[in-house]
Amino acid sequence: MEGKKGLIVGVANNRSIAYGIAKACIEQGAEVILTYQNDKLKTRVEKVANELGVKNIYPLDVSNPEELTALKESIEKEYGKIDFLVHSVAFAPREALDGKFIDTSKSAFNTAMEISVYSLIDLVKNLEPVLEDGASVLTLTYLGSQKYIPHYNVMGVAKAALEASVRYLAVDLGSRNIRINALSAGPIKTLAASGIGDFSEILKYNEKNSPLRKNVTINEVGKSGMYLLSPLSSGVTGEIHYVDSGYNIMGMPLYEK
Ligand code: 0WD
């Protein structure tokens, strides 16, 4: 990653998956640019930036088109072009992540799709002019897109749409040799995860029932994310890559006799 520059969207604090990815890229020599969602999160992102030696942070609420345009212009002015882009953002109203899926309101559905799915398309479309030929894009997804996970509800539907979007974007971007992949992480205790009902039970169950008998860390997700953003994965695009201690391959819970 020596000499490579990239934008990472979705650091809320030093427990964020995006933080793990930023750290892994920086350790391999990359220069990283960060964004913060709002003034409430700015101080925390500033702290992370200082710790990691990140020079610039920019405001970006993915639902704000003016901020997206301004971000593209700042990157163009300050960096010219960038080599990688990370989208590590998702949101659904809390009440939609508890109770029954059938009770999902239209407004919660639309919010989840806008912030967790459309934002990827919008980000890639707006930043495409500042992506180098051969650049790599990465988004974060979860197994709830493929299988039922308690309480994940509308976010499972959003992640399914996100994964499909990756496949369609892979074709559009492929003509410029730009790659896009999704990394499907196992459950990790972050700010976003705290909104999901019974999350500690999900953690315990995954630890007990995955082939590696442990949960993954943001460092592990960071290392695999770095590989997908680097030229090491130059032949890989449109993929959903699981970093989950192998949990997704299991057909029934583990039991020891
Ligand atoms: O178990 C987990 N933690 C997993 C998370 C397993 C598999 C996948 N993921 C995904 C999430 O769905 C998300 O796409 O990883 C991505 C990153 O999530 P995270 O690292 O678990 O969570 P967090 O540290 O909270 O970062 C997500 C951030 C937001 O934080 P909060 O919790 O304040 O919503 O996404 C950002 C925000 O900083 N975000 C936005 N950024 C810009 N504009 C917006 C927005 N409108 N909404 C949320």
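Counting starts at 1 for both ligands and their atoms, following the listed order.
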Evaluating non-hydrogen atoms only, which member of A12, A158, S116 is closest to atom 30 (O) of ligand 1?
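Nearest heavy atom to atom 30 (O) of ligand 1 lies in A12.
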
Y79 versus N56, side-chain donor and acceptor atoms under 3.5 Å:
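Yes, Y79 and N56 have a side-chain donor paired with an acceptor closer than 3.5 Å.
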
Without hydrogens or angle criteria, can the side chains of Q28 and Y227 be said to hold a donor-acceptor pair below 3.5 Å?
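No, Y227 and Q28 have no side-chain donor paired with an acceptor closer than 3.5 Å.
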
Check H87 against T139 and note the closest heavy-atom contact, atom names and distance.
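Scanning both residues, the minimum pair turns out to be ND1-OG1, 2.8 Å.
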
Considering all heavy atoms, the nearest L97-A92 contact:
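Result for this residue pair: CD1-O, 4.0 Å.
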
Starting from [atom], which protein heavy atom do you reach first, and at what distance in Å?
atom	value
atom 25 (O) of ligand 1	A192 N, 2.9 Å
atom 24 (O) of ligand 1	S16 OG, 2.6 Å
atom 4 (C) of ligand 1	I17 CD1, 3.8 Å
atom 26 (O) of ligand 1	G10 O, 3.5 Å
atom 1 (O) of ligand 1	I188 N, 2.8 Å
atom 34 (O) of ligand 1	Q37 OE1, 4.3 Å
atom 27 (C) of ligand 1	S88 O, 3.7 Å
atom 43 (N) of ligand 1	V62 N, 2.8 Å

Are [X] and [Y] within salt-bridge range, i.e. N to O under 4.0 Å?
X	Y	result
R176	E132	no
K72	E76	yes
K23	E51	no
K204	E201	yes
K5	D83	no

Would you find a donor on one side and an acceptor on the other, under 3.5 Å apart, between the side chain of N153 and the backbone of G99?
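Checking the backbone N and O of G99 against the side chain of N153, a donor-acceptor pair under 3.5 Å is found.
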
For ligand 1, the portion of [X] having any non-hydrogen atom under 4.0 Å away:
X	result
L60	backbone
I115	side chain
K159	side chain
V89	both
T141	backbone

Taking C-beta and beyond as the side chain, do P59 and Q37 meet within less than 4.5 Å on heavy atoms?
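Not in contact.
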
Going by the order shown, which atoms of ligand 1 are within less than 4.0 Å of some heavy atom of [X]?
X	value
L191	25 (O), 32 (O), 33 (O)
F199	1 (O)
D61	42 (C), 43 (N), 45 (C), 46 (N)
G186	1 (O), 6 (C)
P187	1 (O)
A90	12 (O), 13 (C), 14 (O), 48 (C)

If I take atom OG from residue S119 and atom CG from residue L68, how far apart are they, to the nearest 0.5 angstrom?
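Separation between the atoms: 9.5 Å.
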
Connected-component partners of L191 among ILVMFWY, side-chain separation under 4.5 Å
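Direct or chained contacts put L191 with none.
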
Are any of the N or O atoms of T190 closer than 3.5 Å to those of ligand 1?
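Among all N and O atoms of T190, at least one is under 3.5 Å from an N or O of ligand 1.
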
